[in-house]
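Atoms within a ligand are numbered from 1 in the order they appear, just like the ligands themselves.
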Amino acid sequence: MVQHTATSVVTIERFIIEQERLHPEATGELSGILYDLALAAKLIANKVRRAGLVDILGATSDANIQGEIQQKLDVFANETIIKAVDHGGRLCAMASEEVEGIIPIPEHFKCGKYCLLFDPLDGSSNIDVNVPVGTVFSIVQKITRGRHGEMEDLLQPGRRQVAAGYVIYGSSTMLVYTTGQGAHGFTLDPSIGEFLLSHPNIRTPDEGQFLSVNDSYEQYWDEPTKQLMRKYRGLEGDRRPLTVRYVGSLVADFHRNLLGGGVFCYPPSKKSPQGKLRLLYEANPLAFICEQAGGAAIDGKTRVLDIQATELHQRVPLFMGSKNDVDLALRTFAHHSELVGA
Ligand code: AHM
Ligand code: MG
């Protein structure tokens, strides 16, 4: 990896080019998609920042396919991303949390070898109260032979991702991405409209400080999950208690825990046996980044990146963050399975 000091000004474009040069076989297509996504992020950031000023807040009459209320900014973010990437000749298919089926590349544009999966504006129900929201994306390479991408291309396990990232629209806008050579963070300098390298080679602590979970669902959890939470809180076992921090906006919770160390949990429950978060748009890309930063992500027993998706909008329980904290989840669930099996 090219080393940069904290004082050199490195734009995201320069960084992407330098990373590409490390791969003599690279065609520049992946870099092109990343530039386009950085541009989409700037356009979305601009709109989100003005959300309280313009008459754009409030629910549209459409319900998205998850049956949740879709905010106008979701629609804007979804369209902005599609328009930023559909014409570059680098993608053969897309999938979005806001769209039911495959999003094809329009016939009049060239098709490329990559597929993009994304959640255009996660946590958008928080916009009305000025809580950070985010965009999450995942890129895989096409495996089928035809010109257009097919379902099989989009449903690949997360370990096949060639790149993944997120953008957090918070007190500043940050873009964090990985191409499998570490996780790197860029902060948008609004005065020049550039993402500048601010967090090269992010490492998440092995032992976390924060526990992020919505414990109002405790009544719906099974006993192993309740026990795990008691351990995280230092009420059982000998670990130092974690501090609870839960924004309820995945990217914000993930970002804080990535930098400070911690574990994000969305366990299965009687109410939602597969949790809430989506494997392809949320869990896979964030798990890739988390692992690249030295962390881990599981669904309770399996590494998230090894799960074979069977449908686009599949949900998955999630325990993700600092290695030792995720290990504790793995051991707690494995112990209970052994007891049940015995
Ligand atoms: P969304 O994709 O509809 O915006 O919902 C996802 C959000 C995540 O950002 C967050 O982690 C989660 O929902 C919070 O869910 P809950 O309110 O059940 O704790
Ligand atoms: Mg979402």
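In terms of polar-atom proximity, defined here as any N/O pair under 3.5 Å, V251 makes no such contact with ligand 1. For ligand 1, the polar-atom distance check finds an N/O of G123 within less than 3.5 Å of one of the ligand's N/O atoms. The N/O atoms of D122, backbone and side chain alike, include one that comes under 3.5 Å of an N/O atom in ligand 1.
Using bins of under 30°, 30° to 60° and over 60° for the plane-to-plane angle, the ring pair F15/F186 lands in the perpendicular bin. Below 30°, between 30° and 60°, or above 60°: for Y217 and Y266 the angle between ring planes is between 30° and 60°, a tilted geometry.
Note on the Mg ion (ligand 2): protein N/O/S atoms under 2.8 Å are E97 OE1, D119 OD2, D122 OD1, E282 OE2.
Between the side chain of D299 and the backbone N or O of T302, at least one donor-acceptor pair lies under 3.5 Å.
Put simply, the residue from Q19, E20, R21 that forms a side-chain hydrogen bond (donor to acceptor under 3.5 Å, both in side chains) with S31 is E20. Partner F137 forms a side-chain contact (heavy atoms from CB on, under 4.5 Å) with one of D119, L116, L117, I33 and no other, that one being L116.
Between E150 and R145 there is no salt bridge, since none of the side-chain N atoms of the basic residue sits less than 4.0 Å from a carboxylate O of the acidic one. For R230 and E223, the salt-bridge test passes: some basic side-chain N is under 4.0 Å from an acidic carboxylate O.
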- Item | Step-by-step side-chain hydrogen bond (donor to acceptor under 3.5 Å, both in side chains) determination, K231 to T332 | CA-CA 9 Å; K231 290 181 181 176; T332 304; 3.0 Å; yes
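Residue pairs meeting the side-chain hydrogen bond (donor to acceptor under 3.5 Å, both in side chains) criterion with at least one partner in residues 85-94, sequence neighbours excluded, are D36-R90.
Residues that satisfy the ring-ring contact (aromatic ring centres under 6.0 Å, His included) test with F195, not counting sequence neighbours, are absent from this structure. Evaluation of the salt bridge (Lys or Arg N to Asp or Glu O under 4.0 Å) rule for E207 yields R239 as partners, not counting sequence neighbours.
For ligand 1 and E97, the ligand atoms under 4.0 Å from any heavy atom of the residue are 2 (O). Each of the following atoms of ligand 1 lies closer than 4.0 Å to a heavy atom of N214: 16 (P), 17 (O), 18 (O), 19 (O). If you number the atoms of ligand 1 from 1 as listed, the ones under 4.0 Å from a heavy atom of S124 come out as 4 (O). Of all the atoms in ligand 1, the ones that sit under 4.0 Å from a non-hydrogen atom of Y246 are 14 (C), 15 (O), 16 (P), 19 (O). In the vicinity of F264, heavy-atom distances shorter than 4.0 Å reach the ligand 1 atoms 11 (O). Listed by number with element, the atoms of ligand 1 under 4.0 Å from a non-hydrogen atom of S249 are 9 (O). Proximity to L250 (heavy-atom distance under 4.0 Å) selects the following atoms of ligand 1: 8 (C), 9 (O), 10 (C), 11 (O). Annotation for ligand 1: atoms under 4.0 Å from non-hydrogen atoms of E282 are 2 (O).
Residues P205 and G260 approach most closely at CG-O, 3.7 Å, considering heavy atoms.
In this structure, S125 does not count as a contact residue of ligand 1, since none of its heavy atoms falls inside 4.0 Å of the ligand.
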